[in-house]
Structure formats: structure tokens, C-alpha cells
Amino acid sequence: MCGIVGILGKQAVAGDIVEALRRLEYRGYDSAGVATVENGLLDRRRAEGKLRNLEARLHNQPLQGRTGIGHTRWATHGKPVERNAHPHMSAKVSVVHNGIIENFRELKAELTADGYKFETETDTETVVHLLTRELGRGVKPVDAVANMLPRLQGAFALGIIFAGNDNLMIGARNGPPLAVGHGDGEMYLGSDAIALAPFTDQVTYLEDGDWAIVTREGVEVRNAGGMRVQRPMIRSPAGTMLVDKGNHRHFMAKEIHEQPEVIGHTLANYIDMAEGRVRFPDLGLDLSAITRVTISACGTAYYAGLVAKYWIEHYARIPVEIDVASEMRYREAPLPKGGLAVFVTQSGETADTLATLRYCKGEGQKIAAVVNVRTSSIARESDAILPTLAGPEIGVASTKAFTCQLSVLACLAIALGKAQGKISDAKEQELVNALTEVPRHITTILRQEAQYEQLAHYLGKAKDVLYLGRGSSFPLALEGALKLKEISYIHAEGYAAGELKHGPIALIDETMPVVVVAPKDELFEKTVSNMQEVAARGGQIIIVTNAESGAAGCPVHAHIQMPDTHPFTSPLLYAIPMQLIAYHTAVFMGTDVDQPRNLAKSVTVE
Ligand code: F6R
């Protein structure tokens with residue numbers, strides 16, 4: 001994951017920037033760089049690989065500027081080579097960037113037609129040229145940024161410095177976090193407070209959509225509409241802790257809000273965003289010859305696997321066998337030799353999942369693990385690791401690990417579909433483009449968080465809650481119910497919407513909230529019919545949908561409007577309301593959100 005650092009210092013800052021970048025190494029990176037303003041001119045040093053390579057370069061050719069930005073890059077658009085490493089720059093401006101500029105192809109075409117030459121394969125270079133064009137027209141730096149930001153689509157954070165201006169640094173946040181650090185006559189910018197801990201513990205977290213005009217005298221924060229806004233300066237405990245809650249009340253909230261960033265990074269590991277293609281690692285297996293896929297996992301990770309079953313069967317037309325690991329380990333299911341067995345796990349230590357893995361290995365399966373902790377037992381015992389780049393997940397309830405698992409599994413489904421000749425090049429591009437848009441859409445959903453606080457006042461009084469969904473939304477109904485019960489202790493059940501009339505409908509009366517996960521896909525009308533059945537019996541419907549017609553005339557208690565997106569990516573997006581409903585209800589109930597009773601983060605016993 002990319003890391004951003006900026007310093008307006010009293011003396012040469014390059015060394016301090018490298019030190020701060022070192023504290024962001026935990027995020028993972030493949031190249032690094034620093035740029036400073038020296039005698040009014042911008043200059044930079046960049047290097048492939050570890051920070052020591054950048055340090056060696058700075059040792060041979062020091063940078064003396066007192067104003068600088070630095071970056072550790074996790075390649076998204078373009079190979080991890082020096083040419084693509086940040087900072088990117090022109091004679092007028094230098095930029096570091098974390099995230100994805102989704103509309104970079106359109107911007108690149110526009111700028112190329114305007115005579116701008118692109119030297120890199122990155123999306124970031126479009127920001128440099130957009131700003132350079134503004135500055136070339138005589139627009140002042142702050143106004144140039146104000147004019148440029150609305151042109152960008154996607155989820156991103158930026159750090160910017162300007163030639164001829166030794167006392168200005170601009171940071172912008174649209175999704176991924178960014179913090180401003182306050183020093184004594186010095187000011188800082190960082191992807192998180194951990195990077196800034198050696199310099200200051202006085203931190204202002206930018207809110208989503210904010211941008212900050214930083215000088216040595218202080219910071220002026222503006223919101224997306226360009227209005228000046230006040231953001232509090234808080235004391236950060238990051239100096240003593242590797243992972244902190246930022247300005248969130250719980251780790252769970254922080255982890256929910258990290259999703260645009262970590263999903264972007266996870267996707268970047270499996271797709272070539274510039275080409276719009278899946279770039280899947282070699283599983284040591286001929287994907288075109290696979291006739292069956294076996295998936296096993298526990299809890300939330302199992303629901304990610306269940307979504308993958310729908311995706312793989314639909315897009316690759318390969319039958320998928322799936323079971324919870326605690327059942328599969330003793331079932332002695334017959335498995336055809338040479339098949340692919342996929343294990344999904346955040347911790348990589350779940351005892352049942354590990355035991356099932358060993359069983360499948362014994363049955364001659366090729367083992368692939370979708371895993372967050374790369375040093376874990378499951379990672380070590382697998383033939384191939386498909387990492388989720390979610391970063392440490394501290395809250396017991398899985399949130400960002402789940403959506404990162406879905407991201408990897410979505411790419412697996414496309415890779416299998418391609419290899420089996422079931423997905424054309426054009427379809428691949430369509431699906432990859434839809435995935436690329438996910439971080440931005442999640443950012444939009446997170447901006448509407450207030451409605452969930454309101455809903456919590458209602459749900460917090462319920463004794464039971466039902467969740468319904470069809471197709472790939474069925475696992476989301478299961479996940480919504482699991483999230484609610486584990487952190488709020490309210491009894492909740494998820495059902496396939498069509499199963500309602502086979503039993504659960506007996507529970508419905510006017511005291512029963514029913515959350516309906518209903519993206520506008522080919523199953524929407526059928527879900528609406530099930531919803532009518534609930535409404536007719538007095539059930540209180542909370543519909544989560546992107547349908548313009550909302551609940552299609554059905555009376556509802558609440559309507560959560562989702563962005564209009566490709567049906568393929570619905571599970572990734574609808575996971576967010578499931579998390580927010582549970583989180584805010586638990587906060588309303590006053591439970592221990594991050595460490596709910598009776599639960600452990602890593603379940604190493606049967
Ligand atoms: C629920 C949750 C659990 C885990 C399950 C598997 O929010 O976190 O259901 O998903 O215990 O854990 P991992 O993914 O570590 O194998």
C-alpha cells in the first residue's frame with residue numbers, strides 16, 4: 001500500500017522523510033522516492049525496491065530542500081520500476097499519490113491531445129499535467145489545485161509541492177486517509193499518524209473530501225465544496241502503538257473506512273488497471289483444465305467463499321463445492337485428483353480451515369489460500385498464496401478482510417472464466433472496469449453514514465432481525481445477520497429470500513425488522529415479491545437497493561439508497577451497509593464493539 005509523507009522543515013528534509021517512510025514500510029511497497037524544492041527548483045531521487053536503495057541514491061546525490069514530499073509505492077498502474085516511482089513531477093509541480101484515479105484514461109487522452117507527453121504508465125502523471133496546465137495559464141497553486149480536484153474520479157490521497165514556493169504543501173483526501181502534523185515552526189503530512197510519530201503527536205485528520213493548504217505557519221482545511229472548515233487537532237498515541245484508531249471511536253469503524261484504500265490495493269495486485277485485464281499469479285495449475293473447485297472457510301470468510309461460488313459458476317461455468325470447514329473436515333468428501341481447493345481466511349490460523357486444508361491436500365488437491373496474514377500456518381501450508389492486502393484487522397468482527405477476500409475471489413472468477421473460454425476480452429474489460437470503480441462507490445456509501453445512526457435507534461429495540469437476499473446477495477444476508485448478532489447481541493438470521501415461505505415467514509409480525517438486500521439485477525423482481533409477502537404480514541422492511549423505484553411500491557420502514565453499479569460488484573458494495581447497520585446498532589446498544597463477548601479474533605481451536 002502506498003505511503004505519503006510531506007515535511008515543511010527548518011533544514012534539509014530528505015533524511016527525515018525517509019525515516020518517516022520507514023514507519024510506513026508495514027504497508028508494503030516496491031519502490032520509493034523523495035522530491036524537494038531547492039532554490040525554487042524541484043528535484044527528486046527515486047529507487048526501485050527497498051528504502052535502503054533510495055538512501056544510497058540520496059547519499060550519492062543529496063537533496064537539500066527544506067520542503068519535500070516522499071512516497072512508498074505499491075504498484076497499481078504500471079510496473080514497479082523507477083520510471084513509475086513517485087514523486088512524479090514537471091518543472092512546476094511534484095505529486096505523490098495513494099489510490100486510484102479511475103478516469104485517468106480519459107484525462108490522459110485529453111492531455112495528450114493538448115500536447116502533454118506522458119513519461120510513465122501511472123495514473124498519477126495525469127495529476128501532474130493537469131496542475132502544470134493550470135499553473136502554465138498563470139493560475140496560482142492553491143487555485144490550480146481547487147480547479148484540478150473536481151476533475152479526478154476515484155478514491156485517492158495526494159501530496160503536492162510547487163516550484164518557486166518553499167512554504168506550501170497541499171494534501172487532498174478523497175477516500176484513503178491523510179493526516180496533517182503540527183510541529184514547532186514545522187508542518188507535516190502523512191498517510192497516517194504512525195509516519196509522523198517521530199516529529200509530532202499533534203495531528204489533524206482530514207475528513208473525506210477535504211484538502212489542506214499547509215504552510216509553516218499552520219493549515220487551512222477546505223472541504224470538497226471549497227469552503228473553509230475547522231477540523232480538530234488531536235493528540236495521537238501512534239508513537240507507542242503500531243496500529244491506532246486514528247480519529248475513529250473503534251477499530252471496527254476505522255477498518256470499515258479503510259476499505260476504499262485496501263480494496264484498491266488488493267485489486268491492484270490482481271489486475272492491470274491500465275490494460276483493464278486480470279493479471280493472476282501462477283497457481284501451478286492449468287486453469288483451463290479445472291473441472292471442479294472446492295472452497296472451504298469459517299464464518300465471514302465462508303460467506304466470501306459462498307459469493308465466489310455464485311461468481312465462479314456464473315462467469316466460469318465451473319461447478320463449485322463449498323462447505324464450512326468444521327463440517328468438511330469430517331465429511332470425507334470425495335475430491336477428484338488434481339482439483340483446485342481454495343481456503344479463505346483472514347488470520348490463516350483457523351483450526352478447522354487448516355484441518356480441512358490438510359484433508360484436501362491428502363486428496364491430491366492443489367491448495368490456494370486467500371489469506372491476510374502471509375506468515376500464517378495456512379499460508380505456509382498452501383501451494384499458492386492469494387494475499388488480501390487488508391493490513392492488520394484488529395476489530396474482532398471481520399470487515400475489510402471480507403471485502404478484500406471478495407476482491408481476490410472476483411479476480412479468480414474472471415481468471416477462471418478467461419482460461420475456460422467463457423469470458424471474452426471485452427467482457428473481461430467490462431468486469432475489471434466495474435471492479436476498479438468499487439473503491440469510489442464505497443467512498444460514496446461511507447459518506448451517507450448518518451442514516452445508519454438513525455436506523456440504529458430503531459434496530460436497537462428489536463429482539464430479532466431477519467435478513468433476506470437472492471443469488472449472490474444471499475451470502476450478504478447471512479453476513480449482515482452474523483455481523484449484527486456478533487457485535488450487538490441481537491438475534492438475527494439470514495435467509496435466501498425464496499426460502500421465506502418455507503418456514504421463517506411464521507415469525508413475521510409488526511415487531512420484526514426485515515433487512516432486504518436487493519440490488520437491481522435479474523433477480524430483483526423476485527426479491528420484491530418476497531418483500532411484498534413480508535409487508536402483507538406487517539413486517540418492517542429496510543430495503544438496501546440501487547433500484548430507482550426503491551421498493552417498487554412496497555411500504556418500507558427505511559430505504560438505503562445504493563449507487564448504481566454493475567451487478568457483478570454488488571456483493572462488495574452491499575457488504576458496507578451490512579457492516580454499518582451492525583456497527584451503529586452495537587454502538588447504540590453500548591456493547592464492546594471491537595471485542596464482543598465470547599469471541600476471539602483467531603480461532604485456533606476446534
Ligand atoms: C465474523 C468473523 C468470523 C471469522 C471466522 C474465520 O465477523 O470475523 O466469522 O470470519 O472466525 O476467521 P479467519 O478468516 O481468520 O479464518
Side-chain angles (χ1 to χ4, degrees), residues 250-256 259 262 266 295-308 322-329 341-358 360 367-382 385-409 467 475-490 492-494 571 575-583 585-586 591-606:
H250 299 100
F251 279 108
M252 184 178 176
K254 176 174 176 248
E255 287 158 7
I256 288 173
Q259 288 175 109
V262 295
T266 301
I295 303 179
S296 193
C298 299
T300 288
Y302 167 73
Y303 299 143
L306 200 51
V307 172
I322 176 158
D323 204 350
V324 289
S326 54
E327 286 301 311
M328 191 177 268
R329 66 180 291 187
V342 180
F343 296 87
V344 188
T345 172
Q346 188 285 127
S347 63
E349 300 295 349
T350 304
D352 285 321
T353 310
L354 182 57
T356 311
L357 180 155
R358 288 177 182 155
C360 291
I367 308 295
V370 178
V371 61
N372 201 37
V373 182
R374 288 200 222 188
T375 48
S376 61
S377 309
I378 288 177
R380 284 199 306 274
E381 294 197 25
S382 298
I385 303 177
L386 301 175
T388 47
L389 306 181
E393 191 179 63
I394 310 296
V396 162
S398 187
T399 51
K400 61 176 182 169
F402 176 64
T403 46
C404 285
Q405 287 159 357
L406 290 176
S407 305
V408 176
L409 293 164
Y467 284 73
L476 268 294
L478 295 170
E479 168 62 1
L482 175 64
K483 267 316 68 108
L484 186 70
K485 68 185 137 194
E486 71 177 325
I487 60 170
S488 75
Y489 316 144
I490 295 172
E493 294 300 333
I576 313 301
M578 300 302 107
Q579 298 165 357
L580 290 174
I581 288 172
Y583 174 73
T585 306
T591 59
D592 187 348
V593 172
D594 283 331
Q595 287 175 323
R597 67 188 183 205
N598 307 339
L599 291 174
K601 186 69 186 156
S602 187
V603 186
T604 51
V605 292
E606 257 195 79

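When a ligand or atom number is given, it counts from 1 through the structure's own listing order. Values in this document were obtained by computation on a predicted structure and should not be read as measured data.
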Minimum-distance pair of heavy atoms, taken over all atoms of [X] and [Y]:
| X | Y | answer |
| --- | --- | --- |
| V262 | A390 | CG1-O, 3.4 Å |
| L406 | V307 | CD2-CB, 3.7 Å |
| L357 | S382 | CD1-OG, 3.7 Å |

| said: Checking side-chain polar atoms at under 3.5 Å, does S398 have a donor or acceptor matched by the opposite partner on E393? | reply: yes

| request: Would you check if there is a donor-acceptor pair between the side chains of T388 and Q405 at a distance under 3.5 Å? | output: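 Checked: Q405/T388 side chains show no N/O donor-acceptor pair below 3.5 Å.
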
| message | I want to confirm something. Looking only at heavy atoms, which of L482, T300, V371 is nearest to atom 10 (O) of ligand 1? | response | T300

Atoms in ligand 1 with a heavy atom of [X] nearer than 4.0 Å:
| X | result |
| --- | --- |
| Q346 | 13 (P), 14 (O), 15 (O), 16 (O) |
| E486 | 1 (C), 7 (O) |
| T350 | 12 (O), 13 (P), 15 (O), 16 (O) |
| G299 | 9 (O) |
| A301 | 10 (O), 14 (O) |
| K483 | 1 (C), 7 (O) |

| D323: what forms a salt bridge (Lys or Arg N to Asp or Glu O under 4.0 Å) with it, not counting sequence neighbours? | R331

| said: Determine whether a donor-acceptor pair (N or O, by modelled atom type, separation under 3.5 Å) exists between the side chain of Q579 and the backbone of K483. | reply: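 Checking the backbone N and O of K483 against the side chain of Q579, no donor-acceptor pair under 3.5 Å is found.
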
| Less than 3.5 Å between some nitrogen or oxygen of Q405 and one of ligand 1, yes or no? |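 No, no N or O pair falls under 3.5 Å.
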
| task | Could you establish whether E349 and ligand 1 come within less than 4.0 Å of each other, counting only heavy atoms on the residue side? | result | no

| task | Could you tell me whether V396 approaches ligand 1 through its side chain, its backbone, both or neither, with non-hydrogen atoms closer than 4.0 Å? | result | backbone

| said: With a heavy-atom distance limit of 4.0 Å, tell me whether T345 approaches ligand 1 through its side chain, its backbone, both, or neither. | reply: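 Looking at T345 and ligand 1, atoms from backbone and side chain both fall under 4.0 Å.
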
| Which of these passes side chain to side chain donor-acceptor pair (under 3.5 Å) with T300: E479, Q346, E486? | E479

